[in-house]
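Scroll down for the structure; my scribbles are underneath it.
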Amino acid sequence: MSQHGLTVGVVPTMGALHAGHLSLVEASCATCDATIVTLFVNPTQFGPHEDFQQYPRTLDADLQALAPYAVDAVFAPAVDEMYPPGFQTAVHVAEVTKPLEGAARPGHFDGVATVVLKLFNLTRPDLAFFGQKDYQQTLVVRRMARDLDLPVEVRVCPIVREADGLAMSSRNVYLSPSERRQALALSQSLELCRTMAAAGERNVAQMIAAAEDRFAAEPDVKLEYFSIADRDTLAPLTTLSHNGIALTAARVGRTRLIDNMLLSI
Ligand code: AMP
């Protein structure tokens with residue numbers, strides 16, 4: 001409980017808000033006395049050849065999208081307010097940042113952990129709301145909060161999807177109509193694994209082979225990884241257990257997308 005007996009929730013985002021972000025805002029407003037939304041395209045979590053420059057920046061539309069919610073403050077700092085000249089500190093979370101996104105995007109999670117800690121220090125939240133869409137990120141933030149004794153509870157909200165299953169993402173605007181159709185390989189391969197798991201399949205190699213076949217059907221989609229892992233450690237599984245999650249990343253044309261799905265048995 002914060003100083004005045006009221007709970008503060010924070011929803012950290014990079015803006016270009018869609019219904020996925022707004023579900024976090026709704027959860028915060030429903031849970032907390034005050035809600036702060038942060039909008040900041042954080043340069044330190046982008047690699048040198050990634051889309052920091054092109055990333056959509058839509059401040060006016062974001063403020064309009066937030067208007068129906070009981071948001072108490074929007075924090076949209078400039079890059080040099082967050083990283084003034086002389087800035088030289090980074091937060092590094094170790095093991096859980098190594099596989100998957102951490103392997104594909106060196107330095108990404110240092111950027112994420114550092115900016116999230118700064119945003120926590122600037123907003124002093126009791127609760128912080130993150131999306132399962134960035135599953136590994138939720139593990140990294142939880143680990144950091146525990147390891148550094150941060151007085152904040154991390155809440156994770158379900159993935160919001162388009163009607164056809166594509167996970168909502170600010171990067172979906174990059175997709176051409178053909179790429180938009182082919183991007184369904186991500187959610188559909190995950191769904192395939194979920195169906196196999198529900199039908200009793202426990203052999204992870206079989207599930208990954210089926211998922212890879214689904215990707216192979218799309219000429220403009222390049223699979224980066226498809227992993228079935230322990231949902232706490234992200235260590236790959238060979239036999240599906242109760243604690244499984246499937247995670248994938250792929251390039252659709254020039255756009256890199258990620259998605260994941262919990263697998264229950
Ligand atoms: P971003 O602006 O991409 O950094 O995302 C800000 C927050 O919104 C992160 O916690 C994301 O996991 C979450 N988020 C992004 N897309 C979705 C989605 N489709 N469903 C739920 N949460 C999401």
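Whatever order the structure lists them in is the order used to number ligands and atoms, beginning at 1. Numbers here simply count residues along the sequence, with the first being 1. Hydrogens, waters and symmetry mates play no part in the numbers below; they use all other heavy atoms, side chains included. As the structure is a prediction and not an experimental result, all values here were calculated from the model.
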Point to revise | Stacked cation flag R57 on F52, 6.0 angstrom / 45 deg | key: yes
Does [X] use its side chain to pair, donor to acceptor, with the backbone of [Y] at less than 3.5 Å?
| X | Y | result |
| --- | --- | --- |
| T114 | V91 | yes |
| D259 | T248 | no |
| D62 | A16 | yes |
| T13 | T38 | yes |

Check your understanding: Are side-chain heavy atoms of M144 and T97 found at a separation under 4.5 Å?
Key -> no
Practice item. Indicate yes or no: at least one non-hydrogen side-chain atom of L175 is less than 4.5 angstrom from one of L257. Key: yes
Numbering the atoms of ligand 1 from 1, which are under 4.0 Å from a heavy atom of [X]?
| X | answer |
| --- | --- |
| K133 | 16 (N), 17 (C), 18 (C), 23 (C) |
| I159 | 20 (N), 21 (C) |
| L24 | 7 (C), 8 (O), 10 (O), 13 (C) |
| H18 | 15 (C), 16 (N), 17 (C) |
| M168 | 16 (N), 17 (C), 18 (C), 19 (N) |

Heteroatom proximity flag, [X] to ligand 1, N/O under 3.5 Å:
| X | result |
| --- | --- |
| F129 | no |
| A167 | no |
| H21 | yes |
| M14 | yes |
| F130 | no |
| S170 | no |

Exercise for review: Begin from the C-alpha positions of D51 and R254 and carry the test salt bridge (Lys or Arg N to Asp or Glu O under 4.0 Å) through to its verdict.
Suggested key: CA-CA 10 Å; D51 57 342; R254 298 165 62 108; over 6 Å; no
Study note, to complete from the structure: Restricting to heavy atoms, the pick from P158, S169, A128 nearest atom 21 (C) of ligand 1 would be P158
Check your understanding: When you measure from atom 10 (O) of ligand 1 to each heavy atom in C157, G131, A27, which option holds the nearest one?
Key ->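 Ranked by closest heavy atom to atom 10 (O) of ligand 1, first place is G131.
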Exercise for review: Carefully, step by step, assess K222 and E224 under the rule salt bridge (Lys or Arg N to Asp or Glu O under 4.0 Å).
Suggested key: CA-CA 6 Å; K222 256 227 201 89; E224 274 192 13; over 6 Å; no
**Study point:** Within-shell test, P12 vs ligand 1, heavy atom, strictly < 4.0 Å
**Key:** yes
Practice item. Measure the distance from atom 20 (N) of ligand 1 to every protein heavy atom, then report the residue, atom name and distance (to 0.1 Å) of the closest one. Key: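 Here the nearest protein heavy atom works out to V160 N, 2.8 Å.
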Point to revise | Identity and separation of the nearest protein heavy atom to atom 12 (O) of ligand 1 | key: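 Residue, atom and distance for the closest contact: D134 OD2, 2.7 Å.
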Check your understanding: Could R142 and D232 be called an ion pair, given the rule that one side-chain N must be under 4.0 Å from one carboxylate O?
Key -> no
